Amino acid sequence: MPETIRLTGKDGRIAAATTEAAGAGGFIARETALHLEELTGLPHEPPRRVSSAGEARDAALLLEVDPALGREAFDCAEEDGRARVRGGDARGMYYGLMAFFESLGFRWCAPGEAGTVVPRPDLVALPRGWRARGRPALPWRGLHICGAGQTRDGRHMPHFDHDTALWMVRNRMNFKPIHNEQYDEVFPLLDDLMLTPLAFGHSYSRWIPRAEFAAHPEYFALVAGRRLAEGQLCVSNPALQDELVRRIVAYADAHPNLPVISLAPNDGYKWCRCPACAAMDSPEDSARDELHRRHHHFTVEIARRVRELRPGRFVSSISYSNYLDPAPDAPHEPGLAISMCITRAQNRPLDDGASPSNRLCLERLERWLDKAGAVFWSAYFLSYGGTFPRSCEGQTVRTFRELARRGVAGMKSEVTPGRYDRWRSAEFFMYLVARAMYDADLDPEALRADFCRRYYGAAAPHCEAYLRLNSLCVERYAGELKDVDATTLPDLYTDGEVQALLAHMDRARDMAEREGGYAPRRVAPLLAQAREIADSRREVVLSRAEAAPLQARHLLHPPAFGDFDRFDWTPQRRRSNRLPYPHPNRFAVAWNDEALWLLFRLGEPDVDASRREGRPTPGAGVWGASNVDCFLSPKPESGVYYQVAANIHGAVYGARCRGREWDSAWPLGVTAAVQCLPDRWELILRVPFSGMDAFAPRPGARLRLAVNRGQMCLSPSTLGGWPDGGSWHRIETMGETMLTP
């Protein structure tokens, strides 16, 4: 056994000193004292300030800055019986401090107290000759926290969560993506944690809000012959460009600690069709209804002018939706930061030439690196796909290594706060993501073994076997996985493998319960995930057998709530993760010569609360409350479909859609009637055939239909429906419905 050194003094404490002001006060000082107290069980003062290493000979832990090491790098070693932690800057010194604590057995496996592993004092030992070094693979590393979290004092805050942010910095992340308008509230919280805010995300409507439409309609998009307050901007307008530059420069001056400021299109479509904007599009873009050239030239123009007025500040935009690519004829712009929003094959490394989607991503990345001053890789690790496994560890590390090699400026991902089920079911994967952002040369297998041994305790062998089997099943899959979702489960797992997953987690649960402490809580998400895999896989297999078209009954009279018991009801029995709704939902379809009728019985745990608490906020429209969201296409071959939605308050929405154009002004004529009962609310939606491009209803006619349910009263809300767990804006995924005599 290697010789170890003693760190504790006669009083049982570990004396710490620092040559840096950052180590003697603020976040680093608090962290040092906290972890030394966790380690020894005794209160500790922050490191005392010394002018040189020579003045700290009695300190067992010495923190220093050596700029020669470089940005955020660290080099730590045992020297003369003490731990000497050196960083290239304050962050590097802090990362070295974390490496010191990790060498003693600390791990920050997941956000929150239950996610922290504190070593037993009797097992603490620092080997003589200990050494730890690190240098960041990617300059900027962060997570965009979607959903609502809490500050350190328990205050509710959107897009921030203290426990998650603290976990980020302890695992060597250095920034958090924010929206421009969040800065004033969130900057003090991030600065206190040594996290830098960088602004990304949809922002046109923040710079030019709808309230200005009456004064300047020419700033807004021209769609179908009229200006729309809710659309995009008229980016070709010189006066708009001047106003945006003025506002961004003023904002930059008022927020000197925000190096990257966002200017990106609103989420959705409704692009300007005025002649000047259309002239910005390439012929290829126009033919495909894409906006690559328009978006890039406009953003370059604003970024260039801002950079000339405020050197060193970046304007950020996004490569997203139908504006993914740079324009070949646009110049390189040093002041432009691009966030590449990526949907690709997660089960293949980025540099896997046999993967068509990854090959396209790499080609696009190279084009953006040639055009922008900084490129950020933006993934969706915990945004979608339920709580199914994220089992692409090796592929993810190799991808980060490739991004670092190509000079990508940063990596970020949308995630949920750490206490949410999606995170808790992916704790090891998110831990690996954090570690690989900084160290892209790590060994995923070794990291998994260390994580399981320290985090799951006695249950570690079965938890590790469970995680390894998931990874092997994903590795074996021959196709391309954008994410592991319910539809892929029968193709990923055999019946025997599902039973093996369940068996491992049943044994892990038993061992964790015997061990006690945090062990049962840590094992529980994997057990729930194993059961969800089994249940969802079974549901998908059953849904694949549902081949017959849905029957829409012919009516002689318009339906009323009193007629509901006479209808044949179809269950919306699968959410987007294919599990049954916690409260039953049923729908029926009927028709007469004038209209299609969509009838719903919608389970709700507390109808009064849903009506009271779910009342939509301004701008949220139908979707701010419990709702249904339906799509139908009477003539699928035309590419035209209609979106119809209504909520518990009776608010309705109707639009004619084709491709990426959604016309909510189309005279579809949807009406709704709502009836609320103690355990459910019922809905009758009338969709006139006269608004559906002259569709002629007749017995035997078929159309495509999808009915989706949003139970907004649940936390988190549930979403999904028929067919096959839900369908949104894609005709090919809608179910077939036949009008019967």
Side-chain angles (χ1 to χ4, degrees), residues 27 71-72 89-92 94-95 98 108 110-111 134-147 149 157-180 182-183 185-203 255 257-262 264 314 316-320 337-342 372-383 390 396-397 399-400 403-404 407-418 420 422-423 426 429-440:
F27 177 69
R71 177 182 180 267
E72 298 186 2
D89 51 19
R91 276 203 185 107
Y94 174 71
Y95 299 155
M98 293 297 99
W108 294 276
R135 182 175 300 278
L138 294 165
W140 292 102
R141 308 166 303 280
L143 299 175
H144 176 44
I145 302 170
C146 299
M157 181 177 287
H159 297 299
F160 179 81
D161 183 67
H162 173 78
D163 285 350
T164 307
L166 182 59
W167 174 89
M168 287 165 55
V169 72
R170 285 173 173 173
N171 283 295
R172 301 174 179 77
M173 295 190 199
N174 61 0
F175 89 101
K176 184 196 173 300
I178 67 167
H179 295 281
N180 295 325
Q182 292 179 290
Y183 177 90
E185 184 175 29
V186 79
F187 173 73
L189 305 178
L190 297 179
D191 189 52
D192 185 58
L193 296 173
M194 291 178 54
L195 290 170
T196 299
L198 304 180
F200 294 93
H202 307 290
S203 58
H255 301 85
N257 293 309
L258 186 63
V260 176
I261 300 170
S262 173
F314 281 83
S316 75
S317 194
I318 50 180
S319 163
Y320 182 72
I338 281 291
S339 172
M340 283 188 60
C341 301
I342 302 302
V375 177
F376 288 73
W377 188 263
S378 183
Y380 296 91
F381 288 138
L382 289 184
S383 296
R390 270 72 177 174
T396 299
V397 172
T399 293
F400 288 3
L403 294 175
V408 168
M411 166 72 206
K412 60 189 181 72
S413 173
E414 290 189 6
V415 299
T416 59
Y420 285 11
R422 283 183 183 167
W423 187 300
F429 180 71
M430 290 310 302
Y431 180 74
L432 173 133
V433 164
R435 308 297 291 194
M437 285 184 183
Y438 188 88
D439 178 12

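What you see is a predicted model, and the numbers here were worked out from it, not measured in a lab.
Side chains of Met157 and Leu189 form a contact here, defined as non-hydrogen atoms less than 4.5 Å apart. The side-chain heavy atoms of Gln182 and Phe187, taken from C-beta on, include no pair separated by under 4.5 Å. Looking at heavy atoms from C-beta onward, Leu198 lies in side-chain contact with Pro259 at the 4.5 angstrom threshold. The shortest side-chain heavy-atom distance between Leu138 and Trp377 does not fall under the 4.5 Å cut-off. Residues Tyr380 and Cys341 have side chains in contact (heavy-atom distance under 4.5 Å, counting atoms from C-beta outward). Two residues are said to be in side-chain contact when any heavy atoms from C-beta on lie closer than 4.5 Å; Met411 and Phe400 meet this criterion. Counting heavy atoms from C-beta on, the side chains of Leu190 and Tyr183 never come closer than 4.5 Å.
In this pair, Trp140 and Phe175 present their aromatic rings perpendicular. The plane angle is above 60°, beyond the 30 to 60° band. In this pair, Phe160 and His162 present their aromatic rings tilted. The plane angle is within the 30 to 60° band. Ring planes of His144 and His159: parallel class, angle under 30° (limits at 30 and 60°).
The CG atom of Leu193 lies 8.5 Å from the OH atom of Tyr94; values are rounded to the nearest 0.5 Å. If you take CG on Asp163 and CD1 on Ile145, they are separated by 10.0 Å, rounding to the nearest 0.5 Å. Note that CD of Glu72 and CZ of Arg172 are 11.0 Å apart. Values are rounded to the nearest 0.5 Å. Residue Ile338 holds its CD1 atom at 11.0 Å from CZ of Phe376, rounded to the nearest 0.5 Å. To the nearest 0.5 Å, atoms CE (Met437) and CG (Asn171) are separated by 10.5 Å. With values rounded to the nearest 0.5 angstrom, Arg141 atom CZ is found 10.5 Å from Met168 atom CE.
Taking each heavy atom of Ser203 and Asn180 in turn, the nearest pair found is CB-ND2, 4.0 Å. Across Val397 and Ala436, no two heavy atoms sit closer than the pair CG2-CB, 4.0 Å. In plain terms, the two heavy atoms of Ala404 and Ala137 that are nearest each other are CB-O, 3.3 Å. Scanning both residues, Ser316 and Val260, for their nearest heavy atoms gives CB-CG1, 3.4 Å. Heavy atoms only, all atoms of each residue included: Leu258 and Ala199 are closest at CD1-N, 4.0 Å. Looking at every heavy atom in both residues, Val408 comes nearest to Val375 through CG1-O, 3.2 Å.
The closest donor-acceptor contact from the side chain of Thr416 to the backbone of Arg422 lies at 3.5 Å or more, if one exists at all. Judged by distance alone, the side chain of Arg91 and the main-chain N or O of Met194 form a donor-acceptor pair under 3.5 Å. One N or O on the side chain of Ser262 and one on the backbone of Gly201 form a donor-acceptor pair closer than 3.5 Å.
Applying the salt bridge (charged side-chain N to carboxylate O under 4.0 Å, His left out) rule to Asp191 yields no partners; only residues at least two apart in sequence or on another chain are considered.
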**OP:** Output, in order, the C-alpha distance, side-chain angles, deciding distance and verdict of side-chain contact (heavy atoms from CB on, under 4.5 Å) for Asp161 and Trp423.
**Re:** CA-CA 13 Å; Asp161 183 67; Trp423 187 300; over 6 Å; no
